[in-house]
Amino acid sequence: MLYYLFEYLHKVLNVPGAGVFQYITFRSALALILSLLISTIFGKRIINFLRNQQVGETVRELGLAGQTQKAGTPTMGGLIIIIATLIPVVLLTKLNNIYIILLIVTTLWMGTIGFIDDYIKIFKKDKEGLKGIFKVIGQVGLGIIVGSVLYLHPGVTVRKDVKDKVSFTQTENVIHQAPIEEKSTATTIPFFKNNEFDYAELLAWTGEGYEKWAWLIFIPFVIFIITAVSNGANLTDGIDGLAAGTSAISVLALAIFTFVSGNIVFSNYLNIMYIPDSGEMTVFIAAFIGALIGFLWYNSYPASVFMGDTGSLTIGGIIAVLAISVRKEMLIPLVCGIFLAENFSVVLQVAYFKYTKKRFGEGRRIFLMSPLHHHYQKKGYHESKIVTRFWIVGILLAILSIVTLKLR
């Protein structure tokens, strides 16, 4: 909203200084500061409200040190992240930008699913929460919406080759180019020299006109990514500060990808796919990072609030949609390496237990406990040490992801 106000002040009334709002970098910095202030200042009020409503965490007896002391700690703290993200986004972004619309829908959609799950756990006294099948239906529904919009919307285009073009005009801080953009289901594969891959090519064997059936590959892949990443974030949310901290690191890496992919100068220099209008997502990401860091103020050990599924499912959904929108979904195993490890630890544990039970009559385990962070707790590591080390690994993975811009 403020963007349109200052655009009017700049272009119509020619107010000095009003033009600064047209710059993505300025609005991103402002969004970061505003979301950080909202989450830290008003976060305490939200926590007190949740405590007064007796929205306390029910802790299962897992035999982990310090676990029982967490009983009664307010949950649903993901509301802090959602509110602190959406307010700066509504104020500072171009609300007609298709990528911003998708991210707002994702935030509200996944936040609603997580809220329902937390509500059932707390107020209905059902420890299982929302049945898994309904969570999956919600994730698949979002995947269909996101995949369909990215595939069909005329505003979602790319320019694969931006070299040797000369007709440049400056608008805001993004330089637009004369050649026409094209609809494409292309993505990028890390570490390869010619790293563009089109999902439609998987159907090339069907003969002429195969491109029009690309949605048969693209949309299911979007569904899979959103489901996997949101579940990975959900599993990572197990000890104080782990999910929020690792998510902030991953999202910071994605912020760099969105900024350079949305700017034709940087995309030309780095020889990467240029995605018109995608740079606006940088403002959303800045607000999201500020909200995550502000939430950490209260979620760091010992936590005053837990994010619950309201936060974890939302975080995973946003990260997945960001990666898909900027055509970096193949980098998710690196950018979200912690999520991947947590997911795999559960899958391997369950699969191995079932296999050994069927073969030997007794279930055996690979890890002392899953997800992975609980394995280290069982080994006697304090959760603060586990969280810090997971953050360090997350930073290394984020750096490696960014390096793929040139390491090909």
Side-chain angles (χ1 to χ4, degrees), residues 24-25 28 99 150 157-165 173-175 177 182 184-202 218 221-222 224-225 228-229 232-233 236 245-279 281-282 284-286 288-289 316 318-344 372 388-408:
I24 287 176
T25 48
S28 297
Y99 297 109
L150 292 177
T157 57
V158 300
R159 294 181 193 164
K160 299 179 184 179
D161 185 9
V162 295
K163 286 190 170 184
D164 303 323
K165 309 293 185 181
N173 66 315
V174 180
I175 298 180
Q177 194 179 27
E182 61 181 16
S184 174
T185 53
T187 187
T188 53
I189 303 176
F191 301 113
F192 284 84
K193 189 73 174 177
N194 299 314
N195 65 340
E196 291 176 1
F197 171 76
D198 197 327
Y199 291 106
E201 293 178 11
L202 294 174
F218 179 70
F221 201 71
V222 170
F224 171 75
I225 293 171
V229 178
T236 305
T246 53
S247 298
I249 293 165
S250 299
V251 172
L252 181 59
L254 288 173
I256 294 173
F257 288 126
T258 56
F259 184 75
V260 298
S261 297
N263 188 297
I264 203 168
V265 174
F266 290 125
S267 57
N268 185 21
Y269 172 73
L270 294 168
N271 191 26
I272 62 174
M273 189 186 302
Y274 171 54
I275 308 172
D277 301 320
S278 65
M281 289 189 289
T282 311
F284 183 99
I285 293 174
F288 189 41
I289 292 173
I318 290 173
I319 290 175
V321 173
L322 283 170
I324 295 165
S325 298
V326 82
R327 314 295 171 114
K328 294 293 185 293
E329 62 269 28
M330 298 294 183
L331 268 176
I332 285 178
L334 267 181
V335 177
C336 303
I338 300 298
F339 293 175
L340 182 68
E342 297 277 24
N343 252 337
F344 268 127
L372 188 60
T388 303
R389 289 182 175 177
F390 273 48
W391 285 359
I392 293 170
V393 173
I395 292 170
L396 292 174
L397 292 173
I399 292 171
L400 182 58
S401 301
I402 296 168
V403 167
T404 61
L405 287 170
K406 273 298 184 181
L407 186 62
R408 287 184 260 161

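Below, all heavy atoms of this structure are taken into account, side chains as well, without hydrogens, waters or symmetry copies.
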Pairs involving residues 331-343, ordered by first then second residue, that meet side chain to side chain donor-acceptor pair (under 3.5 Å) (sequence neighbours left out):
E342-H373
Under the rule for side-chain hydrogen bond (donor to acceptor under 3.5 Å, both in side chains), what residues qualify as partners of [X], not counting sequence neighbours?
| X | value |
| --- | --- |
| S325 | none |
| S261 | none |
| T187 | E329 |
| T188 | none |

Parallel, tilted or perpendicular: rings of F197 and Y199 (30°, 60°)
perpendicular
[X] and [Y]: which non-hydrogen atoms are nearest, and at how many Å?
| X | Y | answer |
| --- | --- | --- |
| Y274 | S267 | CB-OG, 3.5 Å |
| L397 | I338 | CD1-N, 4.2 Å |
| S184 | R327 | O-NH1, 3.0 Å |
| V326 | T258 | CG2-CA, 3.7 Å |
| P276 | V158 | CD-CA, 4.1 Å |
| V229 | G316 | CG1-O, 3.3 Å |

Answer yes or no: is there a side-chain heavy-atom contact under 4.5 Å between S247 and F288?
no
Do L334 and P190 have side chains that approach each other closer than 4.5 Å (heavy atoms only, starting at C-beta)?
no
Drop me the distance from [X]'s [atom1] to [Y]'s [atom2], to the nearest 0.5 angstrom.
| X | Y | atom1 | atom2 | result |
| --- | --- | --- | --- | --- |
| M281 | I318 | CE | CD1 | 12.5 Å |
| L331 | S401 | CG | OG | 5.5 Å |
| T282 | N263 | OG1 | CG | 9.5 Å |
| L322 | F257 | CG | CZ | 12.0 Å |
| K328 | I189 | NZ | CD1 | 12.0 Å |
| I285 | F259 | CD1 | CZ | 11.5 Å |

Determine, step by step, whether L150 and F218 satisfy the side-chain contact (heavy atoms from CB on, under 4.5 Å) criterion, reporting the C-alpha distance in whole Å, the side-chain angles of both residues, the deciding distance to 0.1 Å, and the verdict.
CA-CA 9 Å; L150 292 177; F218 179 70; 4.0 Å; yes
Under the side-chain contact (heavy atoms from CB on, under 4.5 Å) criterion, do M273 and E196 qualify, and how do the steps go?
CA-CA 8 Å; M273 189 186 302; E196 291 176 1; 4.1 Å; yes
Cation-pi geometry met for K406 and F191 (6.0 Å, 45°):
no
Under 3.5 Å, which donor-acceptor pairs do the side chains of residues 248-255 form with other protein atoms, sequence neighbours left out?
from: S250; atom 1: OG; to: T246; atom 2: O; distance (Å): 3.1
from: S250; atom 1: OG; to: V335; atom 2: O; distance (Å): 2.8

